Every structure is written in C-alpha cells, then in structure tokens.
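The structure displayed is predicted, hence computed values, not measured ones. Counting starts at 1 for both ligands and their atoms, following the listed order.
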Amino acid sequence: MAKAKIAVIGAGLMGHGIAQVFALAGHDVTITDQHKPALESARQRIATNLRDLGDDERAVERVRTIGDLADCVRDADFVVEAVLEDMPLKQKIFGEIENHVRPDTILASNTSVMPITEIMAGLRERSRALGTHWWNPPFLVPLVEVIGTQWTSPAAIDFTMKLHAAAGKTPAHVKKDVPGFIGNRLQHALWREAISLVERGICDAETVDAVIKAAFGRRLAVLGPLENADLVGTDLTLAIHKTVLPDIDSRPGPSPYLERLVAEGKLGFKSGEGFRKWSAEQQAALRQKVLQHLKKAREEDA
Ligand SMILES: NC(=O)c1ccc[n+]([C@@H]2O[C@H](COP(=O)([O-])OP(=O)(O)OC[C@H]3O[C@@H](n4cnc5c(N)ncnc54)[C@H](O)[C@@H]3O)[C@@H](O)[C@H]2O)c1
C-alpha cells in the first residue's frame, strides 16, 4: 500500500488510537479536535502508547495536530471521523468535510451503532462514503468492520479494506448497513441470553461469566461458531437448535431486568454496582487484566 494522507476527526479515546495505527503503518496523519486539551495531548498520548507497546516511537512524528477542520482534511486521501456518538453532529461534520476534500477522497465514520446510510445521506458524492468500525483500543484489537451503504462504490470498499489490512488490521466487509454491523449483533445476542439466565434464576452473574470464560470463550479466538458448527456437524447443530432455540430469549426489546438495574442507578463500574458489586480495586484489576490479555494476544500474532 502506497503512503496515503489520512485525516482523523476527533482526538478522543478512539481517534488518537486510530491516528497511531495509521502513523505506525507509515502514513502521514493529520488530526483535529474542537476541544483544545484533547488536541494538544494527542501526540503525547500516542507517544506513550507506542513506548508502552514497544512500537517505533518515531511514528508520532508523522502525526500533525491541526486546529481547523478544513486544514486537517484538505489534502487527505482518506478521512475517518471519530467524534461523539451524535447523529446531527456527524452529519454536520461530513457536510463540512465535503466542502474541503477532493471528490474521490474516501470519507469514513467510526460510529459504533448509528446507520452509515443516515450519517452520509446528505453528501453530494455518496459513493465514497462508508463506515469503518474500530474496536477499543484501536491499536490492540485487530478488527475493523468496513460498512458499505447502497451508494458505496466497490472501489471505495476495496481501497479501505486494503488500507486497513496493510496497517495490520483485520478488516471485515459488512455488505449491508444493518444496526450493530456484524460484531455488535453477535456480541449482544450473547449478552441478551446472559442477562436472561440471571433474570430467570438459572444462575448468578458471576456464573454466567465463569461458564463462558471456562468453556467456549477459551476456544472462541481460534474457533468461530460456524467453524465449530461444521466441526461438530450441521446435523448435530440442527438437532441442538430444535431443542434449545425455543427456550432461548428472543424478546425484541431490552430485558426488564436490565431496565430495572438502570432505573435503580446500578450502572456498573461508574456507580460501583451493576450485575455485580465492584470496588475501585476490582475495577482497576479487571481493566488491567483485559489490557494484558490483549497485549499478549498481539505479541502472539506478531
Ligand atoms: N469508545 C469505544 O469503545 C468505541 C468503539 C468503537 C467506536 N466508537 C465510536 O467512536 C466515536 C468516538 O468515540 P470515543 O470513545 O473516541 O469518544 P471520545 O469522547 O473519547 O472522543 C470524541 C472526541 O470528539 C471531539 N469532538 C466533539 N465534537 C467535535 C467536533 N465538532 N469537531 C472535532 N472534534 C469534536 C471531542 O472533543 C472528543 O475529544 C463515537 O462515534 C463512538 O461511538 C467508540
């Protein structure tokens, strides 16, 4: 992949990490943020991450912070937006970006759940617009979902897939712009049943997590569900589904149990209790455990 000019809009949790990945891959990166402290600290945060991961610290020299949105995107080949999850804000930003880029500059949103179609509907040139859904932290989780809309050109998808693959990511093409794309649909199908098991008194929250971590969670990183279905046989999978699926939670909305937790102010880490109680030490330990696990997985990949 030839060196490209990448512009990142939003220097928060995701934006600075995305900038870091592209800079490390050798691209020239500009980044902007309307919040001055976020913009001013972006290069320092990237430098710290690079040092912490043992990556080439000189990559930060390829990142330029720019206060003005127009100046940030003007020469870009590829623009990725990572501002707050706010539809009118994203629509406004893309409308503005389009006034300052070439007609063939690819425009991507890193929204977690918002329809790319709705974000990009107002653009004059919609064939170059798509979604790139990164996972946190962007420099440790390999997946980037590349979401096309009904308007996105195959050339824009192809360039984006190659750009991310060459930057060491694992791009996955999402051919239809559906809520939750692929990853979050799968993840939340599992969460719905996890909550239901607790709600029905079949086990407590600790047990749900323990069962996953001690059983199929161990295999998931190397054995996807459809590989697994083939491994055991589609006939066995069908037999299991005939027995199990009628009893699995299929309600269309959020669980009343979850709604009750939120109504009671049991918001998880931020209030000290959600499905379980969390002391400050337990929260820090779990965050650290996840980070170490992801770092180890990245080292094993390398
Ligand atoms: N946090 C995650 O785990 C995660 C994962 C995948 C996708 N996302 C998505 O990525 C996007 C960014 O999320 P985040 O977690 O980095 O949020 P964040 O709050 O850490 O960062 C957002 C940044 O956008 C900046 N911003 C707001 N308005 C702006 C404007 N008009 N121009 C320039 N900058 C502006 C803010 O100042 C802030 O620094 C959201 O759409 C989110 O849903 C988040």
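Looking at atom 21 (O) of ligand 1, its nearest protein heavy atom turns out to be Gly12 CA, 3.3 Å. The single protein non-hydrogen atom nearest to atom 19 (O) of ligand 1 is Leu84 CD2, 3.5 Å, given as residue, atom name and distance. Protein heavy atom nearest atom 20 (O) of ligand 1, with residue, atom name and distance: Leu13 N, 2.9 Å. The protein non-hydrogen atom at the shortest distance from atom 6 (C) of ligand 1 is Trp134 O, 3.0 Å. With hydrogens left out, the protein atom closest to atom 33 (C) of ligand 1 is Gln34 N, 3.4 Å, a heavy atom. Scanning all protein heavy atoms for the shortest distance to atom 11 (C) of ligand 1 gives Val83 O, 3.1 Å.
For Arg192, the CZ atom sits in a packed shell: over 12 heavy atoms of surrounding residues, nucleotides or ligands are nearer than 6.0 Å. The number of heavy atoms from other shown groups lying within 6.0 Å of NZ (Lys5) does not exceed 12.
The closest approach between a heavy atom of Trp135 and any atom of ligand 1 is not below 4.0 Å.
Ligand 1 has no N or O atom lying under 3.5 Å from any N or O atom of Glu81, backbone or side chain. An N or O contact shorter than 3.5 Å is missing between Ile93 and ligand 1 by distance. Note: no N/O pair closer than 3.5 Å links Ala11 and ligand 1 by distance alone. For ligand 1, the polar-atom distance check finds no N/O of Thr32 at less than 3.5 Å from any of the ligand's N/O atoms. Considering backbone and side-chain atoms together, His133 places no N or O closer than 3.5 Å to any N or O of ligand 1. An N or O contact shorter than 3.5 Å links Glu85 to ligand 1 by distance.
Comparing Met14, Glu96, Glu145 against atom 4 (C) of ligand 1, the shortest heavy-atom distance belongs to Met14. Ranked by closest heavy atom to atom 37 (O) of ligand 1, the top entry among Asn110, Asp33, Asn184, Asn136 is Asp33.
Distance screen at 4.0 Å: atom 31 (N) of ligand 1 has a protein heavy-atom neighbour inside the cut-off.
Within ligand 1, counting atoms from 1 as listed, the ones closer than 4.0 Å to a heavy atom of Thr111 are 41 (O). Residue-ligand proximity, His35 to ligand 1, at heavy-atom distances under 4.0 Å covers atoms 37 (O). Atoms of ligand 1 lying under 4.0 Å from any heavy atom of Lys90, numbered from 1 in the order shown and given with element: 40 (C), 41 (O). Annotation for ligand 1: atoms under 4.0 Å from non-hydrogen atoms of Ser112 are 6 (C), 7 (C), 8 (N), 9 (C), 42 (C), 43 (O), 44 (C). Each of the atoms 39 (O) of ligand 1 lies under 4.0 Å from some heavy atom of Ala38. Residue Leu89 approaches ligand 1 through these ligand atoms, each under 4.0 Å from one of its heavy atoms: 28 (N), 31 (N).
Ser271 places a side-chain N or O within donor-acceptor distance of the main-chain N or O of Gly265, the cut-off being under 3.5 Å. When atom types are taken as modelled, the side chain of Lys169 and the backbone of Leu163 share no donor-acceptor pair closer than 3.5 angstrom. Of the possible donor and acceptor atoms, none in the side chain of His164 sits under 3.5 Å from a partner among the backbone N and O of Met161. For the pair Glu273 (side chain) and Trp278 (backbone), a donor-acceptor distance under 3.5 Å is absent. A donor-acceptor pair under 3.5 Å links the side-chain atoms of Asp33 to the main chain of Ala11, judged by distance alone.
With Lys90 as the partner, the salt bridge (charged side-chain N to carboxylate O under 4.0 Å, His left out) test is satisfied by one option alone out of Glu81, Glu96, Glu118: Glu81.
With no hydrogens or angles considered, a side-chain donor-acceptor pair links His16 and Asn49 at under 3.5 Å. Between the side chains of Thr117 and Gln150, not a single donor N or O lies within less than 3.5 Å of an accepting N or O. Inspection of the Thr149 and Asp177 side chains reveals no N or O donor paired with an N or O acceptor under 3.5 Å.
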> Are Thr132 and Glu145 close enough, and set up right, to give a side chain to side chain donor-acceptor pair (under 3.5 Å), and what steps lead you there?
Replying inline: CA-CA 5 Å; Thr132 50; Glu145 291 169 282; over 6 Å; no
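Aromatic ring centres of Trp134 and Phe22: separated by under 6.0 Å.
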